[in-house]
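One structure below.
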Amino acid sequence: MSDEVVPDAVIQVKTLFFAAYRDMVGAEELDIELPQGATLRDVVRAVRARPGGDALPSNPALAVNREYASSNRVLENGDEVAFIPPVAGG
Amino acid sequence: MSDEVVPDAVIQVKTLFFAAYRDMVGAEELDIELPQGATLRDVVRAVRARPGGDALPSNPALAVNREYASSNRVLENGDEVAFIPPVAGG
Amino acid sequence: MYCRITAAPIDAAELVQRVRANEDGAVLLFMGVVRNHHAGRAVVGLTYDAYKEMATEKLEGICEDVSSQFEVGDIAVVHRVGELAIGEVSVAIAVAAPHRDAAYKASRQLIERLKREVPIWKRERYANGGEAWQEGVTPQAPETD
Amino acid sequence: MYCRITAAPIDAAELVQRVRANEDGAVLLFMGVVRNHHAGRAVVGLTYDAYKEMATEKLEGICEDVSSQFEVGDIAVVHRVGELAIGEVSVAIAVAAPHRDAAYKASRQLIERLKREVPIWKRERYANGGEAWQEGVTPQAPETD
């Protein structure tokens, strides 16, 4: 009941994969658990440690809750994290 | 039957008027007789000498047989001479 | 290539179908539309006049020039004449091209040259009842020879 | 303003009607069309994927930016997803404006930004049976704070 960060508190984020990244990861979405205070960089590391995940680039474009974000972005519980392959609309 | 220019030989050209110029001249087209060797400048002079013709500019844009032409263009019998007001398509 | 001066309403969708080919990745359709104002005056409609035969030939020449300058597929230009109401299409220019850059550049050049060179005129009908030929651009005659 | 990602065929004529208003003298319609070749290979079709919610929001943001930058009336952008055949419209951008210069500039900027920023992807289906995601543009993340 204190404001101190509980050391083993975790958050859960939903990761989304599209196009070539979906083929690599073999999934449309994955729920990932991370320690509180984790950044986008930590999500990438966690996904790349999974089977097939090492095919992803180590520094992909990412969006949090449908906005592009830089890799030092700190995540919150329930965030939607999208791995964005190079875009090719039109 | 010689090749000499007959001094009083005449040619006839058809003049066309559009938009504001048609309103000024009060006609869509007029047949104009001119001496052989006459230029566009002479056609303009002849038309401007007619009733209402003096409202036309003294140096309007002109086309001969549907091509823009300069005022020293020498005319031939049967030419179609159009007086072209400033254009405003689109 | 398809250039027409017409008194009939312009079917822009038909022009798009006409120009598109399987090699083309971009189709650009420009439409000039009669608007309800000009130079601060309320306009209720436009009446277009054209030197029909010359205008058609001029449009064809401009299309040929533009085709030789940019990598485009097909081009269609149709300009309306007669009385037009607000919202009616006065001119439609459809350009198909393998890539969009050429389509944009060609389309723009077509409408700019049309407005400077093609013998077409418009008479504005004003909300207050007056009418007047809109001031235009004096087309350039060829150099004196 | 009307921005959509859709699996249904795009009705470009409807978009034009949607954006046009009586103040507008120019309507420009850009259409991206599936073409039969890319980078020297024969293509039989494209499959588009999108991050639908984010793509829609991005398109809306781009339309707002462009509207604030150029004197335009209304803008509509629709991008198709799913399997498309040669000749089908993958994206349509309709811009209405009082004057044509703003329409051309806004339209061009919309398609350029769409291609650089909006999370949409295309997979090429080749005549020889292969398939591949087309190489794209890495969207720029905001500056590290």
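Proteins come first, then strands; the chains are lettered A, B, ... in the order of their sequence lines, and each starts at number 1.
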Review point. Under a 4.5 Å cut-off applied to non-hydrogen side-chain atoms, are D/Met54 and A/Asn65 in contact?
Key: no
Study note, to complete from the structure: When rounded to the nearest 0.5 Å, the distance separating CD1 of D/Ile120 from CZ of A/Phe18 is 11.5 Å
Practice item. Taking atom CD of A/Glu76 as the centre, report whether more than 12 heavy atoms of other residues, nucleotides or ligands fall under 6.0 Å from it. Key: no
Check your understanding: Hey, which of D/Glu117, D/Arg123, D/Glu135 has the most heavy atom pairs under 4.5 Å with chain A?
Key -> D/Glu117
Point to revise | Side-chain touch A/Ile84/D/Pro119, heavy atoms, less than 4.5 angstrom | key: yes
Exercise for review: Among the options D/Gln134, D/His79, D/Met31, pick out the one with the most heavy-atom pairs lying under 4.5 Å from chain A.
Suggested key: D/His79
Practice item. Output yes when a side-chain donor or acceptor of D/Ser90 lies under 3.5 Å from a complementary backbone atom of A/Gly90, and no otherwise. Key: yes
Check your understanding: Relative to chain D, which segment of A/Leu16 carries a heavy atom at a distance below 4.5 Å: side chain, backbone, both, or neither?
Key -> side chain
Exercise for review: Counting only heavy atoms closer than 4.5 Å, note whether D/Ala132 contacts chain A via side chain, backbone, both or neither.
Suggested key: neither
Review point. What is the minimum heavy-atom distance between D/Pro139 and A/Pro86, and which atoms define it?
Key: CD-CA, 4.4 Å
Practice item. Let me know if D/Val118 has heavy atoms under 4.5 Å from chain A in its side chain, its backbone, both or neither. Key: backbone
Check your understanding: Is chain D contacted by the side chain of A/Ala19, its backbone, both, or neither, given a heavy-atom distance below 4.5 Å?
Key -> both
Practice item. Mind listing the closest non-hydrogen atom pair of A/Gly89 and D/Leu114 along with its distance? Key: C-CD2, 3.9 Å
Exercise for review: Could you look at D/Arg116 and say if it's the side chain, the backbone, both or neither that has a heavy atom under 4.5 Å from chain A?
Suggested key: backbone
Check your understanding: Do side-chain atoms of D/Trp121 reach the backbone of A/Pro85 as a donor and acceptor pair under 3.5 angstrom?
Key -> yes
Review point. Near D/Glu71 CD, under 6.0 Å, is it more than 12 heavy atoms from other residues, nucleotides or ligands?
Key: no
Check your understanding: More than 12 foreign heavy atoms under 6.0 Å from CD of D/Glu14: is that the case here?
Key -> yes
Practice item. Show the numbers, then the answer: is there a salt bridge (Lys or Arg N to Asp or Glu O under 4.0 Å) between D/Glu53 and A/Arg66? Key: CA-CA 7 Å; D/Glu53 301 80 5; A/Arg66 300 180 294 282; over 6 Å; no
Review point. When you measure from the side chain of D/Tyr48 to the backbone N and O of A/Ala88, does any donor-acceptor pair fall under 3.5 Å?
Key: no
Review point. Is there a side-chain contact between D/Asp49 and A/Arg22 (heavy atoms, below 4.5 Å)?
Key: yes
Exercise for review: Report, as yes or no, whether the 6.0 Å neighbourhood of atom NZ on D/Lys52 holds more than 12 heavy atoms from other residues, nucleotides or ligands.
Suggested key: no
